[in-house]
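Below: the structure, in structure tokens.
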Amino acid sequence: MNLEKLIKPKVAAVIGANERAGSFGNYSAVNALQNEGRMQIYFINTKTPVVLGKKTYPNLSSLPEVPDCILIATPAKTCAPLLEEAGKLGVKAAVIEAAGFSEEGTEEGKRAEEELRVIAEKYDMSVMGPNCIGLVNNIDKVKLWGMGGTEFDMSVRKTGVAYFAQSGTMSIHAVSCPYIDVSYVFSMGNSTMVMIEDIMEYVLEEPEVRMLAIYLEGVRDGRRFMECLKRAAELGKPVVIHAAGMSQKGAVAAASHTGNLASSRSVYQAVCNKYGVILVESIDEFLCAVNVLSTWIDRMPKGANISAVNGSGGENAVCADLSELYGVPLPDFHPETVKKLKEILPGFANPRNPLDITAITDSVYDVMIKTLETIGDDPNVDAVICSIASFAEPNAKDREQAKIFGESLNERYAAPMIEYAKRPGSVPLMVIPMTEDRRDAVWRGRLREAGIPILANSLAGYKVLGKVCKYLEYRKRVHTLENAAPLKRHGERILSLSEYASKIELSDVGLPMPKQAVVKDKEELLKKAAEMKRPLALKVSSPDILHKTEAGGVKLNIYSDEEIDAAFDQILASCRAYRPDAEIEGILVQEQAPKGVEMMIGITCDRHFGPMLLAGMGGVFVEVFKDAAMYPCPLSKQEAEDMLRSLKAYKLLKGYRGSEPCDIDALTDIMVKISQYAMSRRDELKELDLNPVFVYPEGKGVSIVDALVVKYGD
């Protein structure tokens, strides 16, 4: 597949170009005319000889030359014949805007889409869509775009972000947002032939693409998608993803929209954590995150330590609360900074982070410049929030104040910020307005030129900043970027192994487990028990009884032969009553491990992204408290420890209220080994559950008490 003709065509034709306002054909024609002078554009219309002052042709065959790319803006039933005609002529790329294909969920729609795919494959055509709006290439000045976007002026719009959207409307938001620099916008539609991974691979290496922004409703090729995220991380190009369709109803909506099947939010979050991707939950957060990262792209903060400058005690309190809520680090000022701020600010000001500079009315410029310089020089500060002015469009009150003070409120605070930002050694600045409002486009533009983004209102702004801070910390660390996505489709049959069989399956991994054996009768049981240390644990061994405790299939603290004899009978009787049809292999006898801090280590395999390692509180607590972390396999010991640090239960591992610190090194070693095992079995493993895993004091290791392996069959 050659994407050059699709993304960088020299000659293009709009099929269905017309003058009917609001139609795809009209928008496509108006936008295509903006390409003139940069590329050759032809209009196809079977009924009208002239559209928008430009001559039309009745069909592709009548054109004076073969286009590199065609944009089809006609109904769904016409698309296959038009694509066939184009293929025969030697056209190598197409954009299909029409809906009415697989996204409808009908057999007719699926057949129609498959027909397009077959034609494209036959003629080796790169086809975007169907059910899409098109593409904008602001690097080479190409606009093949079928809805809105006429205000996107390629002659003045700067390059920067590559947008991908599995939604026409979401892609329109990107085109219509005037304060974000854009290199590309791709409305992917159903992605039947050209998938999002194809275009990501194509544009990632281009120097004009500084970052990626993706509205996602599903991933079809998890391996290639993660390879793209890996490459972005290697190149230091930020990625922001707004993933939708992860609720039950959202998944139905996404499937009916583009035919995509989404993974769960926890899986997406885990993948994003691995590759340093910022995952957001709304279009406001999406544009806000893209805005701040694209503005800072040439001078990203060195770290995630933030200072905030506010104009009142109320704003200061809100700033502190939201920073704590969303994980924005606000370190204490260095003592020398505190000393200097006391000399700059009024005597009643309290120089701490966040900083209330109070309602100063005199020498605002000098006070602001000195304050920013002092905070920026603090070794504990990497960037500064300024929330003093909202930079809203001026109203009557603002104009009245401007008459009184000789300058607007926006100008009063923007001028020192811009001046400070120009100075060598300054740290990056941002504005987080406390309230929602229409921002003054002029001042937004001036601040952006100085490298100062205006984020959304306080709630969305601080939430996004918290995510950006995590990204800034990610950039400072080494990560395992290899992925374990499936290499083939899983089988339909599912096979659950018994505990003993699961432990045998894991025997080569090098996991610490108690001595154990499976026996068929009491005589063999007593013989094996004599070789083990007491107390013993006896359990039913059955691939059909996975929850042994509920079935009465577990007996603990067994010391004597008489207790062994009685436990054998009780377990079999309980399990046969619980599940009469269960296959019972025998009784598992093992040395009962001493109690430790109970943890759980597990694997769940996502159909797109492969095995995900889970770690959390063990025993019954994992279901009660839902305290678990997830990360894609494989992972390093550092990444394993980071997972543990994210748990509420981490305090228990570090020693809590007089308890000894646990052997975290041994626990993370097990996590790494399990992740490597899961990667090596990516095409056959469905689930793995080690629960409980007893973690002992430092230097005394761990013990895996129970195990369950679930596989896919052929």
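What you see is a predicted model; the values in this text were computed from it and never measured.
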Check your understanding: More than 12 foreign heavy atoms under 6.0 Å from NZ of Lys637: is that the case here?
Key -> yes
Rounded to the nearest 0.5 Å, the CG atom of Asn350 sits from the CG atom of Leu341 at a distance of 10.5 Å
Smallest heavy-atom separation, Leu667 atom then Val693 atom, equals CD1-CG1, 4.4 Å
Run Arg645 and Glu641 through salt bridge (Lys or Arg N to Asp or Glu O under 4.0 Å) and show every step you take. CA-CA 6 Å; Arg645 288 179 187 276; Glu641 185 165 353; 3.0 Å; yes
Self-check item: Side-chain (Asn138) to main-chain (Arg157) donor-acceptor, under 3.5 angstrom
Solution: yes
| said: A side-chain contact here means heavy atoms from C-beta on lying under 4.5 Å apart; do Met643 and Thr668 qualify? | reply: no
Return yes if some donor-acceptor pair links the side-chain N/O of Lys302 with the main-chain N/O of Ala383 below 3.5 Å, else return no. no
Separation between CD1 (Ile214) and CD1 (Ile241), nearest 0.5 Å, reads 4.5 Å
**Request:** In sequence, state the C-alpha distance, the side-chain angles, and the governing distance for Asn310 and Met434, and then conclude on side chain to side chain contact (heavy atoms under 4.5 Å, CB included).
**Result:** CA-CA 10 Å; Asn310 299 292; Met434 283 292 162; 4.0 Å; yes
Next item on the list: Look at atom CZ of Arg352 and say whether more than 12 heavy atoms of other residues, nucleotides or ligands are closer to it than 6.0 Å.
Entry: no
On a heavy-atom basis, the closest approach of Gly236 and Arg475 is O-NH1, 3.9 Å
dist Leu287:CG -> Met170:CE (nearest 0.5 Å) comes out at 9.5 Å
ask   = Any donor and acceptor pair, going by atom type alone, linking the side chain of His334 with main-chain N or O of Pro379 inside 3.5 Å?
value = no
inquiry  = Using ring pair (Phe, Tyr, Trp, His ring centres under 6.0 Å), reason through Phe164 and Tyr184 one step at a time and then give a plain yes or no.
reply    = CA-CA 8 Å; Phe164 303 81; Tyr184 291 106; 8.2 Å; no
Checklist entry - When you look at CD of Glu206, are more than 12 heavy atoms from neighbouring residues, nucleotides or ligands closer to it than 6.0 Å? => result yes
Q.
Using the rule given for salt bridge (Lys or Arg N to Asp or Glu O under 4.0 Å), can you reason through Asp642 versus Arg477, listing the C-alpha separation, both sets of side-chain angles and the distance that settles it, and then say yes or no?
A. CA-CA 11 Å; Asp642 289 342; Arg477 308 181 78 161; 3.4 Å; yes
Query raised in the report: Going by the angle between their ring planes, with limits at 30° and 60°, are Phe694 and Tyr696 parallel, tilted or perpendicular?
Result: tilted
In short, Glu315 meets Gly311 closest at the heavy-atom pair OE1-N, 3.0 Å
Check your understanding: Should the pair His242 and Phe286 be assigned to parallel (<30°), tilted (30 to 60°) or perpendicular (>60°) ring geometry?
Key -> tilted
Closest non-hydrogen atoms of Ile454 and Asn291, given as atom of the first, atom of the second and distance, are O-ND2, 2.8 Å
Q.
Between Glu473 and Lys476, does any side-chain N to carboxylate O distance fall below 4.0 Å?
A. yes
Notebook entry, point to check: Less than 4.5 Å apart, any side-chain heavy atom of Tyr650 and any of Ile664?
Noted result: yes
### Task
Please answer whether the main-chain N or O of Met226 pairs with a side-chain N or O of Asn483 as donor and acceptor at a distance below 3.5 Å.
no
Here the gap from Ile180 atom CD1 to Arg448 atom CZ, rounded to the nearest 0.5 Å, amounts to 6.5 Å
**Message:** I'd like to know if the side chain of Asn353 and the backbone of Asp332 have a donor-acceptor N/O pair within less than 3.5 Å.
**Reply:** no
Any donor and acceptor pair, going by atom type alone, linking the side chain of Lys230 with main-chain N or O of Tyr275 inside 3.5 Å? no
Practice prompt. Please report the C-alpha distance between Glu373 and Lys370 in whole Å, then the side-chain angles of each, then the deciding distance to 0.1 Å, and finally whether the salt bridge (Lys or Arg N to Asp or Glu O under 4.0 Å) criterion is met.
Written response: CA-CA 5 Å; Glu373 284 181 336; Lys370 291 176 181 178; over 6 Å; no
Output for pair (Ser636 OG, Met671 CE), nearest 0.5 Å, gives 10.0 Å
Counting distance only, does the side-chain N/O of Lys467 pair as donor-acceptor with the main-chain N or O of Leu279 below 3.5 Å?
yes
Check your understanding: Is the backbone N or O of Ala320 less than 3.5 Å from a side-chain atom of Ser323, with the two atoms forming a donor-acceptor pair by type?
Key -> no
Could you go through Phe186 and Asn137, starting from their C-alpha distance and side-chain angles, then the distance that decides it, and tell me whether this counts as side chain to side chain contact (heavy atoms under 4.5 Å, CB included)? CA-CA 9 Å; Phe186 297 102; Asn137 171 358; over 6 Å; no
Can you list the steps and then say if Glu449 with Lys158 is a salt bridge (Lys or Arg N to Asp or Glu O under 4.0 Å)?
CA-CA 11 Å; Glu449 284 295 318; Lys158 293 181 179 180; 3.0 Å; yes
(request) Side-chain contact test, heavy atoms from C-beta onward, threshold under 4.5 Å: evaluate it for Glu639 versus Ser675 and give yes or no. (result) no
_Could you check whether Lys339 pairs with Glu343 (Lys NZ or Arg NE/NH1/NH2 to Asp/Glu carboxylate O, under 4.0 Å)?_
no
### Query
Could you walk me through whether Glu281 and Arg265 pass the side chain to side chain contact (heavy atoms under 4.5 Å, CB included) check?
CA-CA 10 Å; Glu281 299 169 354; Arg265 173 164 290 278; 3.6 Å; yes
Closest non-hydrogen atoms of Pro331 and Asn305, given as atom of the first, atom of the second and distance, are CG-CB, 3.7 Å
Rounded to the nearest 0.5 angstrom, the CG-CE distance for Leu647 and Met617 is 9.5 Å
*Might you confirm whether atom NZ of Lys237 has over 12 heavy atoms from other residues, nucleotides or ligands at distances under 6.0 Å?*
yes
Q. Under a 4.5 Å cut-off applied to non-hydrogen side-chain atoms, are Ile452 and Thr295 in contact?
A. no
* Would you say Glu151 and Ser176 make side-chain contact, with heavy atoms under 4.5 Å? -> yes
Check: Val277 and Val271 side chains under 4.5 Å, non-hydrogen atoms
no
- Query: Under 3.5 Å, is there a donor-acceptor pair between the side chain of Ser387 and the main chain of Ile432?
  - Reply: yes
_Salt-bridge contact Arg231-Glu201 (side-chain N to carboxylate O under 4.0 Å)_ = no
Close side-chain approach of Val431 to Tyr413, heavy-atom, < 4.5 Å
no
Measure from the side-chain N and O atoms of Asn316 to the backbone N and O of Pro354, and report whether any donor-acceptor pair falls under 3.5 Å.
yes
Here the pair of heavy atoms bringing Val219 nearest to Glu197 is CG1-OE2, 3.7 Å
* To do: Please report the C-alpha distance between Leu204 and Leu212 in whole Å, then the side-chain angles of each, then the deciding distance to 0.1 Å, and finally whether the side chain to side chain contact (heavy atoms under 4.5 Å, CB included) criterion is met.
  => CA-CA 8 Å; Leu204 252 174; Leu212 275 61; 3.8 Å; yes
Margin query: Taking the six-membered ring for Trp, are Tyr163 and Tyr215 closer than 6.0 Å centroid to centroid?
Written below: no
Query raised in the report: Are any non-hydrogen side-chain atoms of Ile418 and Trp443 less than 4.5 angstrom apart?
Result: yes
